[in-house]
Amino acid sequence: MTEMRDVLKARQVLAGYLPETPMWSYPVLNALVGAEVHVKHENVQPTGAFKVRGGITLLAGMADRERGVVAYSTGNHAQSVAYAARVFGVPCSIVMPENPNPAKVAAVEALGASVVVAGATMVEAGENARALADEEGRRLVSPADEPDIIAGVGTLYYEMLTRQPDLDVIVVPVGSGTGAAAACVVARALAPRCQVIAVQSAQAPAAHDSWRLGELVRRPMKTTVDGLATGSAFALPQRIMRGGLSDFILVSDDDCRAAQRVLANDVHTLAEGAGAAALAVLLARPADFAGKKVAIVCSGGNAGPADIAQLSGG
């Protein structure tokens, strides 16, 4: 289980690799939502998403990393592990499910990792990654069941809450759940009265349903928001979220696309669908946040061609 001391250790590790990301409040967005909204811009990370914090933290502490790593991901976890592997000179293979985001494939390959497309879903991609890791003698890096990854991700919430310690609410998008779990760890230590609310696509609700039911379940993935396209829940983040989340909300893919447009027009920020999911909750349920001080995580900016086309009306 990840603890606050692990987050503080990860912060020391990451200080040599990543600068603190900005967090801004935008008057136009505040007026639209009816709350004081602070946007944590993880979209400006070198991989375009927050997950790079976890990848570097994990590989920095891996004693036998020279044997190499294998990860499976729709994109941002892949880039995180590939980026960290390049930093430490580690061989890296990434397994992606069928029809991956071409921009994310190109980004992973540019970082020096090899990409294997195998499996119709993330679950099947994971099974193929496990077999590949066994075959090549490499370490399999789970998207979420890794304490070091959650500790690394926790550094963004340390930055958030040391800058704005009186936040009422933090809203976090969930795919595998590392972000929400990390937020729970840090909020419990630094701001126990701050609520942590998770958000996931209603078209891929595995983490949401697992949290509600208190057991790990699989669910069909029909979402077009690839950063949220996870068909199964992960044990470690679920354990942490059960003790720390105030609520877990589902939004539609259309809600995420509408939030992407708001971020583009009013915050001048390009976000992928998952990166806009936290704002989607505020726009869909403004009465829940009226008058509050809220932080949202723009978790990634790796928008694909279809995202960019719909933003421009194409």
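Given the structure is predicted, the values throughout are model-derived calculations rather than measurements.
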Find out if a path of hydrophobic residues (ILVMFWY) with successive side-chain heavy-atom gaps under 4.5 Å connects [X] to [Y].
| X | Y | value |
| --- | --- | --- |
| I94 | V117 | yes |
| L282 | V174 | no |
| V153 | M4 | yes |
| M62 | I150 | yes |
| V52 | V90 | yes |

Please check: side-chain N/O of [X] versus main-chain N/O of [Y], any donor-acceptor pairing under 3.5 Å?
| X | Y | answer |
| --- | --- | --- |
| E146 | S142 | yes |
| E42 | A49 | no |
| D168 | K293 | yes |
| Q238 | A207 | yes |
| Q203 | D253 | yes |
| D6 | E3 | yes |
| R65 | L59 | yes |
| Q200 | H208 | yes |
| W211 | M241 | yes |
| R163 | M23 | yes |

Gap separating the [atom1] atom of [X] from the [atom2] atom of [Y], nearest 0.5 angstrom:
| X | Y | atom1 | atom2 | value |
| --- | --- | --- | --- | --- |
| L270 | N302 | CG | CG | 8.5 Å |
| D209 | E215 | CG | CD | 10.5 Å |
| K292 | L167 | NZ | CG | 12.5 Å |
| E20 | L14 | CD | CG | 12.0 Å |
| E159 | T162 | CD | OG1 | 7.0 Å |
| L279 | D266 | CG | CG | 9.0 Å |

Run through D288, V281, V294 and flag the one making a side-chain contact (heavy atoms from CB on, under 4.5 Å) with V169. V294
Compare every heavy atom of [Y] with every heavy atom of [X], then report the nearest pair and how far apart it is.
| X | Y | answer |
| --- | --- | --- |
| A276 | A259 | O-CB, 3.3 Å |
| S201 | T223 | OG-OG1, 3.4 Å |
| G154 | V186 | O-CG2, 3.4 Å |
| V13 | A60 | CG1-CB, 3.6 Å |
| A271 | C298 | CB-SG, 3.7 Å |
| P100 | M96 | CB-SD, 3.6 Å |

Evaluate side chain to side chain contact (heavy atoms under 4.5 Å, CB included) for L156 paired with V297, printing each intermediate quantity in order. CA-CA 9 Å; L156 87 85; V297 184; 4.3 Å; yes
Is any side-chain heavy atom of [Y] closer than 4.5 Å to one of [X]?
| X | Y | answer |
| --- | --- | --- |
| I149 | P143 | no |
| V172 | I197 | no |
| P97 | T121 | no |
| L283 | L32 | yes |
| R11 | V7 | no |
| T178 | F50 | yes |
| L190 | P165 | no |

Have a look at N76 and tell me which of E272, K51, Q45 forms a side-chain hydrogen bond (donor to acceptor under 3.5 Å, both in side chains) with it. E272
Salt bridge between R212 and D247, side-chain N to carboxylate O under 4.0 Å? yes
Chi angles and distances behind the side chain to side chain contact (heavy atoms under 4.5 Å, CB included) call for V39, Y26: CA-CA 8 Å; V39 183; Y26 300 88; 4.0 Å; yes
Between the side chains of S93 and S114, does any donor sit under 3.5 Å from an acceptor? yes
Residue pairs passing the side chain to side chain donor-acceptor pair (under 3.5 Å) test with at least one member in residues 54-64, sequence neighbours excluded, are D64-R67
For atom CZ of R218, decide whether the heavy atoms of other residues, nucleotides or ligands shown that lie under 6.0 angstrom number more than 12. no
Heavy atoms from other residues, nucleotides or ligands near NZ of K9 exceed 12 (cutoff 6.0 Å): no
ring-ring contact (aromatic ring centres under 6.0 Å, His included) contacts touching residues 82-101 (sequence neighbours left out): Y17-F88
For M1 and L236, run side chain to side chain contact (heavy atoms under 4.5 Å, CB included): C-alpha distance rounded to whole Å, both residues' side-chain angles, the deciding distance at 0.1 Å, then the answer. CA-CA 7 Å; M1 189 74 80; L236 178 57; 4.1 Å; yes
Given R130 and Y72, is the side chain to side chain contact (heavy atoms under 4.5 Å, CB included) satisfied, shown in steps? CA-CA 9 Å; R130 201 165 288 110; Y72 57 102; 4.0 Å; yes
